[in-house]
There are 4 protein chains.
Amino acid sequence: MNFASDTASPCHPKVLEHVAAANAGPAPSYGGDRWTAQAEADLSEMFETPLRASFVSSGTASNALALALLCPPTGGIVCHAAAHINCDERGAVEFFTHGAKLHPLDGAHGQISVPILQAYLQSVDESFVHAIPPKALSISNLSEAGTHYSPKQIATLSTLAKEFGLGVHMDGARLANALAFSKTRPADISWASGVDILSFGFGKTGAMAAETVLLFGDKMDLLPQLEARRKRAGHMLPKQRFVAAQIIAMLENQLWLETATHANDMAATLAEGLQNSGIAILHPVEGNEVFSALSPEQISKFRGGGATFYAWPDGSARFVTSWNTTKAEIDAVLALL
Amino acid sequence: MNFASDTASPCHPKVLEHVAAANAGPAPSYGGDRWTAQAEADLSEMFETPLRASFVSSGTASNALALALLCPPTGGIVCHAAAHINCDERGAVEFFTHGAKLHPLDGAHGQISVPILQAYLQSVDESFVHAIPPKALSISNLSEAGTHYSPKQIATLSTLAKEFGLGVHMDGARLANALAFSKTRPADISWASGVDILSFGFGKTGAMAAETVLLFGDKMDLLPQLEARRKRAGHMLPKQRFVAAQIIAMLENQLWLETATHANDMAATLAEGLQNSGIAILHPVEGNEVFSALSPEQISKFRGGGATFYAWPDGSARFVTSWNTTKAEIDAVLALL
Amino acid sequence: MNFASDTASPCHPKVLEHVAAANAGPAPSYGGDRWTAQAEADLSEMFETPLRASFVSSGTASNALALALLCPPTGGIVCHAAAHINCDERGAVEFFTHGAKLHPLDGAHGQISVPILQAYLQSVDESFVHAIPPKALSISNLSEAGTHYSPKQIATLSTLAKEFGLGVHMDGARLANALAFSKTRPADISWASGVDILSFGFGKTGAMAAETVLLFGDKMDLLPQLEARRKRAGHMLPKQRFVAAQIIAMLENQLWLETATHANDMAATLAEGLQNSGIAILHPVEGNEVFSALSPEQISKFRGGGATFYAWPDGSARFVTSWNTTKAEIDAVLALL
Amino acid sequence: MNFASDTASPCHPKVLEHVAAANAGPAPSYGGDRWTAQAEADLSEMFETPLRASFVSSGTASNALALALLCPPTGGIVCHAAAHINCDERGAVEFFTHGAKLHPLDGAHGQISVPILQAYLQSVDESFVHAIPPKALSISNLSEAGTHYSPKQIATLSTLAKEFGLGVHMDGARLANALAFSKTRPADISWASGVDILSFGFGKTGAMAAETVLLFGDKMDLLPQLEARRKRAGHMLPKQRFVAAQIIAMLENQLWLETATHANDMAATLAEGLQNSGIAILHPVEGNEVFSALSPEQISKFRGGGATFYAWPDGSARFVTSWNTTKAEIDAVLALL
């Protein structure tokens with residue numbers, strides 16, 4: 001009964017199948033292979049727009065590379081205070097940007113508050129050389145509280161950001177779950193709502209290690225700089241075909257949507273069960289995460305029964321469901337109460 | 001007929017088998033899994049010493065992380081002028097060390113000349129704050145010219161380096177080939193000869209993406225710093241079991257030695273064939289690389305016949321053999337002449 | 001009627017006298033001169049302890065160099081949210097530390113709250129590699145709200161910090177004012193209360209450009225690293241004698257204390273006058289800064305009358321007095337009401 | 001008898017006079033003062049072109065800031081192997097650029113060889129992401145061998161550099177000496193010959209601590225970035241008027257030219273005297289430096305007689321003359337032979 005993390009799950013069998021299929025004959029190193037080209041084409045089709053894609057093996061790398069393209073060392077990056085880039089990546093953004101400063105903002109349920117963002121941006125005096133001006137906005141979708149941003153929310157945030165000259169990044173480590181929940185087209189939740197660079201991950205929905213940096217619109221021109229930084233960071237893998245093959249697998253017949261939908265369903269089922277047992281759910285369940293208010297006794301019961309999950313910094317117990325979570329597991333964990 | 005690079009080869013079937021075997025049930029993320037523990041134990045057994053191992057997905061990352069542990073931003077790193085870290089990693093070492101300076105030295109056949117190293121180290125005045133003092137020596141084994149360093153050579157270099165207070169790093173992207181050629185024990189070519197930190201790679205001998213940073217002796221104490229830097233660089237993979245499984249596969253029954261020996265044999269066969277055709281071999285063939293002096297006509301013949309290989313900066317044509325190079329391929333390429 | 005900043009004041013005539021006196025004959029470059037040696041000796045005498053001193057020409061450089069010695073790129077630095085290093089140095093600390101992260105804490109009147117610091121430090125899990133562990137505490141004395149820390153307060157903060165393994169830095173850009181107010185010995189407010197590295201500035205009390213980094217106790221061993229970083233940052237001046245001469249001037253007969261005491265007296269007089277006019281003073285006046293609650297009309301009157309001062313981020317109007325502020329200026333500004 | 005360095009000399013009395021004159025009344029901090037504006041205007045007049053000027057207190061800072069504007073972290077900087085930025089600034093360029101790589105080239109008498117530069121630039125394959133492409137050329141004038149580049153030489157180098165997309169920087173720590181020797185107009189040796197950013201120093205010709213970064217042509221647009229980086233590096237001095245006043249002093253009635261001409265004359269006289277004594281001069285004396293081939297006995301005689309000078313890395317004894325070197329000193333040192 002793993003509810004600790006979706007990354008504690010194995011990878012989807014189809015991912016391994018595609019990896020095995022790519023394991024035939026020689027192929028050019030460092031992304032010159034045909035799988036890489038296909039994966040980029042598939043992503044372009046998924047997002048219904050031309051794009052440039054780079055592949056890395058962790059979400060941390062994807063976020064940090066993307067933000068290094070949008071923010072100079074002397075600038076700042078606005079994000080939610082609980083954002084993964086702010087709390088859980090050991091300063092990767094500071095490393096890749098050479099010391100840009102994160103400017104964390106508050107907001108309910110892990111989402112950046114529009115009035116707070118607006119007030120902050122209006123308070124900035126770009127001509128005051130002593131302070132750090134914001135140059136990028138990073139939106140996590142799903143947020144760290146498991147909530148999703150709608151296209152309209154994203155458009156509001158990105159319009160505001162761009163009014164003040166900021167580039168817009170999305171941390172889409174769980175974007176598949178957000179898309180599955182909101183039933184929106186990938187285009188609408190990304191470039192069509194003002195996202196310039198998207199860190200779109202497959203590790204949490206079924207891949208072994210396959211994350212992407214996607215450049216949209218005029219940001220496609222940044223590809224050479226991205227490639228230089230990716231190489232320099234050791235994220236340009238010699239045998240890149242095996243990363244590309246995972247992406248191809250996840251995109252084929254929308255496997256990402258199938259696995260994310262299943263994980264979301266399991267989370268909804270779990271949340272319903274917990275609520276039926278009188279347990280409060282602290283954030284709207286809009287993806288594959290359930291943040292619940294458990295008593296110490298309840299925590300003991302769950303853990304004693306073999307369920308793994310994390311105590312979260314906001315005081316809740318976080319349960320994460322995955323592509324391979326079963327209804328039986330949900331029943332079993334609820335039966336522990 | 002791929003002689004472009006060993007990384008253009010597929011991965012060994014046993015690697016995929018182990019990856020597939022690891023793809024069962026949940027496992028703790030970020031290296032808390034049992035495969036990671038086993039891979040470290042297997043490496044310790046291979047090197048006949050306690051060690052600390054971190055896993056990354058590229059040799060560039062492994063080299064840069066290792067050197068960041070040995071050299072502060074204000075220090076220098078001595079290496080051969082042709083070293084991969086100096087020529088082919090887009091400044092990764094400069095990035096991870098925050099601006100340390102490579103100090104390239106010459107030497108025949110890709111190997112650092114002992115007298116040149118000695119003269120350089122003796123010329124350094126540590127008290128002269130304006131110049132950059134060397135703090136680490138990086139030895140590539142195999143070298144960029146395909147030659148191997150013997151344990152005695154390594155001991156000579158590392159003794160000299162340590163006399164002047166430098167830490168010793170080995171770039172072992174092709175260490176398996178060096179070991180296969182010299183028939184030495186891994187211990188003798190590494191820590192027992194003074195190597196402090198080893199970047200030992202499996203990508204060129206059969207893995208998909210599995211490279212290691214190995215800390216020996218008192219450098220084991222640097223593990224927390226290594227882990228912090230690895231996380232911060234985006235090289236701590238959530239589903240690390242799949243990297244560990246590759247390493248386990250490569251160590252099981254010394255698969256690395258089997259694949260490296262085969263590649264070396266193929267290189268020797270190719271070199272012999274080329275020489276028999278009157279083609280000069282420019283560096284001793286001590287691993288899986290053959291650097292040959294081809295005429296434009298010969299290059300055309302080879303390429304026209306479907307052989308891939310690189311024109312090397314030293315003016316030669318570099319042929320790299322791999323674990324899956326066949327005798328038939330060697331015959332076929334030689335038949336093109 | 002300059003109340004904008006103490007750095008808008010000229011330098012003290014005795015500073016120029018010493019500079020002119022040092023302008024005779026050749027002297028070794030880069031700090032090998034006798035003025036540098038004397039300035040370090042004078043500082044040692046002032047602080048009644050052995051110390052190592054490095055000289056730079058801005059407080060920003062002094063703070064950033066000091067913190068780079070205490071905190072690695074992967075660590076964090078705890079400071080007050082309003083600290084100069086957090087708000088007014090354009091990310092200098094992030095630059096010099098290569099991306100360490102400031103962790104701002106709240107507290108009344110610009111001072112770090114002990115319970116908040118304690119709660120934060122207790123919440124840190126050093127073994128959680130994903131988050132940034134704090135490695136240094138930076139205390140501003142005077143604080144950004146013009147308040148001073150007593151030796152007891154500093155000892156409480158630094159004892160707590162050291163319990164958790166943090167080094168302790170003090171930003172003493174206005175330390176002279178704090179010393180003048182509290183009538184404490186320099187030793188008691190620095191190393192004897194647990195400060196490891198002190199950024200002690202003379203620019204605000206009468207120098208042209210003379211700031212110091214002072215290493216106490218076992219931190220004296222960090223001098224070579226400090227010098228390397230200082231050189232690398234372009235802060236090791238060729239003709240350093242002219243910086244040293246300013247420091248000698250400021251220490252001779254405790255000129256720093258005389259100028260700081262005068263500035264403090266002027267601030268107290270101004271605060272009293274403002275209060276007598278019914279204007280609220282928002283922070284205790286414990287140095288040379290007065291933070292007042294002015295109405296728009298009062299602001300207009302002051303500015304219209306030729307007084308310069310800053311609207312401060314906390315909503316107040318900040319008046320800074322200086323070594324050359326006169327009682328007549330205070331009377332004149334008060335007469336504007 | 002100081003021939004160790006021109007920075008071992010005192011500053012010119014007129015510099016102190018201007019500093020003292022600027023020490024009256026309040027003035028806006030951080031460059032908002034009238035002296036700063038005047039110094040920039042005077043520099044613009046000197047170079048007969050619009051320009052943007054930033055002031056710092058060391059040549060190291062000036063060079064490193066300038067190059068950080070021209071070269072990204074992933075790029076390279078071409079310079080002479082003996083360049084100050086390569087050998088004597090403790091990696092300042094690497095620090096300020098966040099790890100760009102210096103690419104040192106050879107050439108006689110400290111000057112970059114045009115054929116060597118051309119061959120190198122032609123060998124670069126910008127599409128090869130693994131290697132570092134050059135993005136800036138840095139020319140030292142005077143060179144480290146004391147030789148000057150003529151406008152024609154500079155134009156040849158910069159035209160070549162620009163053909164390959166490189167920006168052009170000049171390290172003009174001793175530009176005054178070069179101008180005095182060549183009797184060229186400042187414009188002709190800088191922007192009119194293709195220099196984009198000039199590090200023009202006054203410390204070696206008479207100032208206390210006053211160096212500039214001058215942006216020409218379209219590089220003027222980089223001022224905001226320069227100011228942000230300057231602040232972040234701690235090089236934006238609060239009381240900047242005192243730096244500006246030094247520059248005003250040095251420009252008034254071309255004091256820089258008077259002092260440089262005198263220093264050059266003394267060097268020529270010294271060189272002539274040495275040659276008359278049968279001592280070989282190793283590089284053309286085109287400024288205020290004389291590189292001579294001394295025997296151990298001659299070195300002993302000089303040093304025993306009280307002359308200070310440095311043994312230079314090229315094996316020579318370097319004598320540097322200064323604005324305050326006297327003919328009597330030259331006679332005295334020659335008399336020691």
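Note that these values count all heavy atoms, side chains included, but never hydrogens, waters or copies made by symmetry.
- Residues of residues 97-127 of chain A lying within less than 4.5 angstrom of chain C, judged on heavy atoms, are A:Gly99, A:Lys101, A:Leu102 in numerical order.
- Put simply, CD1 on C:Ile132 and CD on A:Glu89 are 10.0 Å apart, with the number rounded to the nearest 0.5 Å.
- Taking A:Gly91, A:Pro73, A:Ala131 one by one and counting their heavy-atom pairs under 4.5 Å with chain C, the maximum is reached by A:Ala131.
- For C:Val129, the parts lying near chain A are the backbone and the side chain together; criterion is any non-hydrogen pair under 4.5 Å.
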> Can A:Phe128 and C:Asp88 be said to form a side chain to side chain contact (heavy atoms under 4.5 Å, CB included), step by step?
Replying inline: CA-CA 9 Å; A:Phe128 184 65; C:Asp88 297 295; 3.7 Å; yes
